[in-house]
Structures are given as C-alpha cells and as structure tokens.
Amino acid sequence: MVASRTMRTALLTALALLTASSTAHALDSRLKAGLLKLDPQTRLEQRCDAEVLDRITHDDPHYKADRVVAYAFGQPEMTDDSIKSKVAAFRSRGEWYRLKFKCETAPDHMEVLNFKYRIGDKILKEDWSKYYLYP
C-alpha cells in the first residue's frame, strides 16, 4: 500500500508539472535527448535557438520560423546562463528577418526562465550572402 501511495503521489506530481508547462513551449523528447548530449555552452545556444523558433512561430501565424542565427550581424552577449543578441536573424517561409532576443535558462540550460524578442525588418536577398544567410 505504501509503494502504491508513493507511486500515485509521483504520478500526480508529474501530471501537475506536465499540465503546468505550456505545450507550445515544452521540449519534445527528441530535442531534450539531443540537448542532454551537448556540452553546456552549446546546449545553452541550442536551447535558446529552439525557444526563438518556437515562440516566433506560435506567437504570430504570419511567421513559420525554421532557422535562427544569433550572430548574423555580430557577436551576441553571453553569460553562463543567458544570451542577449541584438545582431540575430531568423528565416521564415524562405525570407530572413532581423531579430533581437534575450534568453535566460536554468543552470542546466534545459528550462528557459526568461525570454523576450523583437522582430525587425526583412533582410534584402542581395544582402544574404554578405551575412552567410541562405534560402
């Protein structure tokens, strides 16, 4: 009976955590497994990139973000647990756009604690090669 009560408590706790997390911003199991294989710095970058793509795509149906480059126009500011990029770009439906974002994660870089972004102007196609952006 004690084992079943413990199991039931664990199950209810897991269910509560799952319900509390936003489905739009939750990590799928493949992404989570892949992130866990990366070194901490790369994990931070990839987790924030995933958050950028997810948020843009879910916040505005005009965009379907599929690629982000945090360093398109220069170097982002980085700390152990955050990235602040005023020099980013993202691709949506075959077009590139300027982007500013700030992403702060938990120390294990698996959970995003704070996230803000602002979409800028479309980047002219003739400028793509200058910034190593591709169709």
Side-chain angles (χ1 to χ4, degrees):
M1 186 71 168
V2 173
S4 108
R5 184 179 302 157
T6 303
M7 184 186 292
R8 185 174 40 219
T9 301
L11 186 58
L12 289 173
T13 301
L15 182 59
L17 289 172
L18 183 60
T19 304
S21 71
S22 167
T23 56
H25 308 300
L27 290 177
D28 74 19
S29 59
R30 291 173 300 183
L31 178 58
K32 186 174 182 177
L35 287 172
L36 289 170
K37 294 177 183 176
L38 300 174
D39 66 87
Q41 187 64 35
T42 304
R43 184 182 310 148
L44 169 66
E45 294 170 18
Q46 294 298 311
R47 180 61 185 99
C48 288
D49 286 356
E51 192 72 13
V52 167
L53 298 176
D54 185 59
R55 294 279 184 106
I56 290 172
T57 297
H58 286 93
D59 289 352
D60 187 336
H62 173 76
Y63 299 107
K64 185 168 174 43
D66 64 0
R67 178 91 170 102
V68 63
V69 180
Y71 50 84
F73 305 102
Q75 288 299 314
E77 298 173 31
M78 299 185 73
T79 68
D80 288 343
D81 298 327
S82 71
I83 299 174
K84 181 178 181 180
S85 181
K86 297 180 180 180
V87 294
F90 77 96
R91 184 177 65 190
S92 172
R93 303 183 195 280
E95 299 289 343
W96 284 94
Y97 299 85
R98 290 184 174 268
L99 175 70
K100 294 179 181 181
F101 74 90
K102 182 174 182 183
C103 175
E104 180 185 353
T105 69
D108 67 356
H109 308 308
M110 295 300 290
E111 178 185 3
V112 173
L113 302 176
N114 288 304
F115 183 82
K116 294 189 290 189
Y117 73 95
R118 186 165 18 133
I119 295 171
D121 294 332
K122 188 185 291 189
I123 302 166
L124 299 174
K125 286 187 181 183
E126 54 263 25
D127 292 337
W128 291 5
S129 63
K130 181 169 45 173
Y131 300 111
Y132 303 101
L133 306 174
Y134 51 87

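Reckoned from all heavy atoms, side chains included, excluding hydrogens, waters and symmetry mates.
Between Gln41 atom CD and Ile83 atom CD1 the span is 7.0 Å, to the nearest 0.5 Å. Between the OG atom in Ser85 and the CD atom in Gln75 there is a gap of 9.0 Å [rounded to 0.5 Å].
Tyr132 pairs by the side chain to side chain donor-acceptor pair (under 3.5 Å) definition with nothing, not counting sequence neighbours. For Phe90, the ring-ring contact (aromatic ring centres under 6.0 Å, His included) partners at least two apart in sequence or on another chain are Tyr63, Tyr97. In this structure, the side chain to side chain contact (heavy atoms under 4.5 Å, CB included) partners of Leu38, at least two apart in sequence or on a different chain, are Leu35, Thr42, Arg43, Gln46. Qualifying ring-ring contact (aromatic ring centres under 6.0 Å, His included) partners for Tyr71, counting only residues two or more places apart in sequence or in other chains: none. In this structure Arg30 satisfies the salt bridge (Lys or Arg N to Asp or Glu O under 4.0 Å) test together with Asp28, sequence neighbours excluded. Among residues two or more places apart in sequence or in another chain, the side chain to side chain donor-acceptor pair (under 3.5 Å) test is passed with Thr57 by none. Residues satisfying the side chain to side chain contact (heavy atoms under 4.5 Å, CB included) test with Leu53, not counting sequence neighbours, are Ala65, Val68. The side chain to side chain donor-acceptor pair (under 3.5 Å) check on Ser82 picks up Thr79, with sequence neighbours excluded.
Val112 places a side-chain heavy atom less than 4.5 Å from the side chain of Arg47. Using a 4.5 Å heavy-atom threshold, the side chains of Tyr134 and Trp128 count as separate. Counting heavy atoms from C-beta on, the side chains of Val52 and Phe115 come closer than 4.5 Å.
Sorted by first then second residue, the disulfide (SG to SG under 2.5 Å) pairs that include residues 45-81, not counting sequence neighbours, are Cys48-Cys103. Counting only residues at least two apart or on different chains, the side chain to side chain donor-acceptor pair (under 3.5 Å) pairs with a member in residues 104-120 are Asp59-Tyr117, Glu104-Asn114, Thr105-His109. The salt bridge (charged side-chain N to carboxylate O under 4.0 Å, His left out) pairs that include a residue from residues 80-97 are Asp66-Arg91, Glu95-Lys125, where partners are two or more places apart or lie in different chains.
The shortest non-hydrogen separation linking Tyr131 to Ala72 is CD2-O, 3.6 Å. Nearest heavy atom pair, residue Leu31 against residue Ala50, reads CD2-CB, 3.9 Å.
Atom CG of Asp39 is surrounded by more than 12 heavy atoms from other residues, nucleotides or ligands within 6.0 Å.
In the hydrophobic cluster analysis, where Ile, Leu, Val, Met, Phe, Trp and Tyr join through side-chain heavy atoms closer than 4.5 angstrom, Phe101 is grouped together with Ile119. One hydrophobic cluster, built from ILVMFWY side chains closer than 4.5 Å, cannot hold both Leu99 and Val69; they sit in different ones.
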